[in-house]
Amino acid sequence: MSQSVKSVVILGAGAWGTALAKLAAINGNQVHLWSRQGSQSLVSVLENAHIVLSAISMQGVRDVASVVQSSPVSPETIFVTATKGLEPKTTYTPSQIWQEIFPNHPVVVLSGPNLSQEIVRELPAATVVASKNINAAQSVQLVFSSSRFRVYTNPDPVGVELGGTLKNVIAIAAGVCDGLNLGTNAKAALVTRGLTEIVRIGKNLGAKTETFYGLSGLGDLLATCNSPLSRNYQLGYQLAHGKTLKEILASLPGTAEGVNTCRVLMEIAQQRSIAIPISEQVYQLLEGEVTPQQALDQLMLRDIKPEFDDFPKEQMW
Ligand SMILES: NC(=O)C1=CN([C@@H]2O[C@H](COP(=O)(O)OP(=O)(O)OC[C@H]3O[C@@H](n4cnc5c(N)ncnc54)[C@H](O)[C@@H]3O)[C@@H](O)[C@H]2O)C=CC1
Ligand SMILES: O=C(CO)COP(=O)(O)O
């Protein structure tokens, strides 16, 4: 794979930022990994950057993007966001924040089934880079593609971003399901109906349905709902074992975005009258309003209904 060497700045030296820095460096790019705890100033690393990738957790995205805005950045710089979350105040996705702050720059979303601990061990993985600007997506594809990391382009950034973000809520539910030992049938039903909720929200917010059946949707949902490496899954698993949210968050390594995402998601669903029963039970569980067993009972005892909302009537029977 040939490409010119790019200057890549990674913002956030947490688990994901560090793994992505390693992937970009393998291809010979010039990589600067910036952390708020480090000694390098943001201004000094941003100078001449071709690509600025944010792997900051959701709560820091707007602050960091605002600091970047007040620094000199080349008009050609491509911004890439790898954060999986929603902003509470605006309900924006991270790419919407970056695009709002940098309206004249291309913004690319990078998302997929990418548990960072497997990627730093150089196990094979695939991801998606999505943008309205195909040239920008292809530049980012070249920077990160290697024999261990296969990168696909996609023209639906909102869909790719929402797949990666909303699956964290379902991953909490999957952790609860395994923690309660509910079995393989229950898990399959949960993940499949969880995907239905993600598609409902995504379509309403302008994403393409097919995107949710790709790597950044179903792919990431499967990875996160089936791996104890996922912090969101772990959180659900420990809730099922009787720990409180506060206790779990105090010992969890890194960020479990699903907690904040679930609150914002409930707001979006209520505003737009979208039914998301699994996510609603996760919300009530996180708020301490139901126990894991009560959440399960509430889901199983809902009114019976057709499987699909929008089957054309003539195709029904
Ligand atoms: N770890 C993983 O396997 C993956 C994580 N992600 C997403 O990437 C994002 C980061 O995840 P991790 O690296 O795992 O989390 P982490 O908790 O290990 O690191 C978060 C990073 O954000 C920085 N940060 C937080 N608030 C900040 C602020 N106000 N100013 C400056 N920096 C700030 C922290 O200093 C840290 O470097 C999350 O949205 C996560 O969902 C996406 C794919 C894989
Ligand atoms: O998004 C991820 C894998 O694709 C990481 O999941 P967690 O944030 O739950 O660890």
Side-chain angles (χ1 to χ4, degrees), residues 9-23 32-38 40-42 45 52-68 80-87 92-95 97-98 109-121 123 125-129 144 149 151 160-176 178 198 214-239 248-249 251-262 264 282:
V9 173
I10 310 261
L11 306 175
W16 192 212
T18 306
L20 285 165
K22 186 174 170 184
L23 287 170
H32 298 273
L33 181 58
W34 177 85
S35 146
R36 59 182 161 171
Q37 285 97 9
Q40 278 180 307
S41 78
L42 194 48
V45 294
V52 174
L53 182 148
S54 161
I56 304 281
S57 40
M58 190 65 237
Q59 56 163 2
V61 169
R62 190 173 283 277
D63 287 351
V64 173
S66 303
V67 178
V68 175
V80 185
T81 166
T83 304
K84 294 176 176 173
L86 294 169
E87 187 176 49
Y92 281 6
T93 65
S95 75
I97 297 175
W98 284 99
V109 172
L110 186 151
S111 191
N114 298 151
L115 295 156
S116 60
Q117 288 188 52
E118 294 186 0
I119 287 170
V120 290
R121 287 173 55 209
L123 294 172
T127 203
V128 181
V129 287
F144 289 100
F149 198 60
V151 185
V160 166
E161 199 168 31
L162 286 173
T165 293
L166 301 181
K167 61 82 193 167
N168 282 334
V169 177
I170 306 302
I172 295 175
V176 174
D178 284 354
I198 294 173
L215 281 171
S216 58
L218 179 61
D220 203 2
L221 187 65
L222 291 177
T224 319
C225 289
N226 289 309
S227 176
L229 293 178
S230 156
R231 283 83 46 100
N232 290 288
Y233 172 95
Q234 268 299 335
L235 190 144
Y237 192 88
Q238 293 184 40
L239 281 172
I248 300 165
L249 291 178
S251 64
L252 203 69
T255 314
E257 296 278 20
V259 176
N260 164 56
T261 296
C262 191
V264 184
V282 172

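Whatever order the structure lists ligands and atoms in, that order sets their numbers, starting from 1.
- Annotation for V109 and S95: closest pair CG2-CB, 3.7 Å, computed over non-hydrogen atoms.
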Which is it for L20 and V80 under the side-chain contact (heavy atoms from CB on, under 4.5 Å) test, yes or no, and what are the steps along the way?
CA-CA 11 Å; L20 285 165; V80 185; over 6 Å; no
Does Q117 form a side-chain contact (heavy atoms from CB on, under 4.5 Å) with L115? I'd like the steps, not just the answer.
CA-CA 6 Å; Q117 288 188 52; L115 295 156; 5.7 Å; no
From CA spacing to verdict: side-chain contact (heavy atoms from CB on, under 4.5 Å), R62, Y92:
CA-CA 10 Å; R62 190 173 283 277; Y92 281 6; 3.8 Å; yes
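- Listed here is the closest heavy atom pair of G85 and M58: C-SD, 3.4 Å.
- The residues lining ligand 1, counting any heavy atom closer than 4.0 Å, are G12, A13, G14, A15, W16, R36, Q37, A55, I56, S57, G60, V64, A82, T83, K84, N114, L115, S116, R231, G254, T255, E257.
- For atom 8 (O) of ligand 2, the nearest non-hydrogen atom of the protein is R231 NH2, 3.0 Å.
- Less than 4.0 angstrom separates some heavy atom of N232 from each of these atoms of ligand 2: 7 (P), 8 (O), 9 (O).
- Nearest to atom 4 (O) of ligand 2 by heavy atom, out of D220, L221, I172, is D220.
- The only option from T93, L166, D220, T261 that meets the side-chain contact (heavy atoms from CB on, under 4.5 Å) definition with K84 turns out to be D220.
- Distances below 4.0 Å separate heavy atoms of N114 from the following atoms of ligand 2: 3 (C), 4 (O).
- Listed by atom number, the atoms of ligand 2 under 4.0 Å from K167 heavy atoms are 1 (O), 2 (C), 6 (O).
- The shortest heavy-atom distance from G112 to ligand 2 is under 4.0 Å.
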Let's go through I198 and L162 carefully: what are the C-alpha distance in whole Å and the side-chain angles of both, what is the deciding distance for side-chain contact (heavy atoms from CB on, under 4.5 Å) to 0.1 Å, and is it a yes or a no?
CA-CA 8 Å; I198 294 173; L162 286 173; 5.8 Å; no
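- In this structure, CG on L221 lies 11.0 Å from OG on S216, to the nearest 0.5 angstrom.
- Paired with Y233 under the rule side-chain contact (heavy atoms from CB on, under 4.5 Å), one option of I170, I172, V176, D178 passes, and it is D178.
- Residue contacts with ligand 2 include K84, since one of its heavy atoms falls under 4.0 Å from the ligand.
- Closest approach of T81 to P94, counting heavy atoms only: OG1-CB, 3.4 Å.
- By the 4.0 Å heavy-atom criterion, Q234 is excluded from the residues contacting ligand 2.
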